[in-house]
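Okay, so here's the structure we're looking at.
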Amino acid sequence: GKRGTGKRQVAEAIATEIGASLLTVDMGQAMAREADDDEFVKLICREARLQNAILYLDEIDTARDDARHKRLPKLLSEQIDGVAIMAGSKPWPSLSGEWKGALAVPFPVATFEERYGAWQRGLQDANVNVDDETVIAIADRFRLNQRQISLAIETARGLGYRLRAA
């Protein structure tokens with residue numbers, strides 16, 4: 001899924017649920033260096049084992065789209081012996097064939113119409129009067145899902161009450 005769709009939040013929730021920490025690796029930064037993929041994969045996998053951590057490989061598209069790192073999926077499948085979450089904006093179609101137990105989970109972005117409707121309903125339910133032009137601008141600017149919109153409205157209402165009371 002695209003940025004802001006909740007991939008990392010899901011990874012953190014999974015780690016919490018199984019009592020593990022989350023070891024995050026920014027693959028964009030890691031792949032920009034001229035490091036040996038074999039050594040890099042061994043290092044991050046060893047660190048995940050030592051920390052009893054889920055390995056969260058953020059921006060995995062960077063490695064997938066770079067011909068210099070074409071062996072990376074195979075190296076990861078050979079080295080990872082725990083849970084690894086590979087987060088990117090594009091699916092990695094060959095992954096499930098290369099890696100036993102691999103599962104692709106899409107994180108779609110809500111359409112403008114879905115976001116607009118969620119903002120309208122949420123604001124109306126919260127008894128917040130906002131003109132339609134503002135709702136359109138908010139729905140266009142913030143690519144949130146239904147839950148995130150509800151939390152944003154709830155947080156804003158809480159802040160509003162506290163500011164008025166102060």
Side-chain angles (χ1 to χ4, degrees), residues 1-112 114-115 118-119 122 138-159 162:
K2 296 183 187 233
R3 282 190 178 277
T5 55
K7 297 180 301 283
R8 185 183 172 106
Q9 290 171 323
V10 169
E12 289 169 346
I14 291 169
T16 299
E17 185 64 28
I18 65 172
S21 58
L22 188 67
L23 177 62
T24 301
V25 178
D26 182 329
M27 295 300 286
Q29 287 184 355
M31 296 294 103
R33 292 190 263 157
E34 295 296 324
D36 177 36
D37 282 353
D38 291 281
E39 288 302 313
F40 172 71
V41 169
K42 286 178 185 174
L43 176 69
I44 62 173
C45 291
R46 188 192 86 199
E47 193 63 29
R49 281 191 297 278
L50 290 173
Q51 290 187 29
N52 184 35
I54 288 178
L55 191 54
Y56 181 75
L57 305 175
D58 197 14
E59 301 297 327
I60 194 73
D61 297 334
T62 306
R64 185 191 74 172
D65 295 340
D66 189 333
R68 295 175 303 157
H69 305 291
K70 64 183 175 195
R71 292 186 51 239
L72 194 65
K74 184 175 182 346
L75 293 171
L76 288 167
S77 70
E78 293 170 354
Q79 291 293 319
I80 293 176
D81 59 1
V83 176
I85 298 172
M86 292 181 245
S89 61
K90 305 173 201 168
W92 206 332
S94 63
L95 186 62
S96 57
E98 295 173 12
W99 201 330
K100 184 180 178 184
L103 175 66
V105 180
F107 282 78
V109 176
T111 65
F112 170 80
E114 291 167 333
R115 294 190 309 270
W119 280 107
I138 292 170
D140 187 49
R141 170 69 176 98
F142 299 104
R143 308 265 191 296
L144 305 177
N145 63 34
Q146 173 66 51
R147 183 173 184 277
Q148 293 167 324
I149 291 170
S150 296
L151 289 172
I153 293 169
E154 184 179 316
T155 301
R157 283 191 69 205
L159 287 172
R162 277 189 265 152

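Atom CD1 in Ile149 sits 7.5 Å away from atom CZ in Arg115 (nearest 0.5 Å). Taken from CG in Leu55 to CD1 in Ile80, the straight-line distance is 5.0 Å, to the nearest 0.5 Å. Rounded to the nearest 0.5 angstrom, Ile85 CD1 and Ile60 CD1 are separated by 12.0 Å.
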Output a table of donor-acceptor pairs, distance under 3.5 Å, between side-chain atoms of residues 39-47 and any protein atom two or more places apart or on a different chain; print 'none' if there are none.
unit_1 : atom_1 : unit_2 : atom_2 : d
Glu47  : OE2    : Gln51  : NE2    : 2.8

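With hydrogens and angles disregarded, a donor-acceptor distance shorter than 3.5 Å links the side chain of Gln148 to the backbone of Asn145.
When all heavy atoms are compared, the tightest approach of Asn52 to Ala20 is O-CB, 3.3 Å. Between Ser21 and Ala15, the shortest heavy-atom distance links the atoms O-CB, 4.0 Å. Residues Asp140 and Phe112 approach most closely at N-CE1, 3.7 Å, considering heavy atoms.
Scored by the salt bridge (charged side-chain N to carboxylate O under 4.0 Å, His left out) test, Arg147 finds no partners at all (sequence neighbours excluded).
Sequence neighbours left out, the pairs with a member in residues 9-18 that pass salt bridge (Lys or Arg N to Asp or Glu O under 4.0 Å) are Arg8-Glu12.
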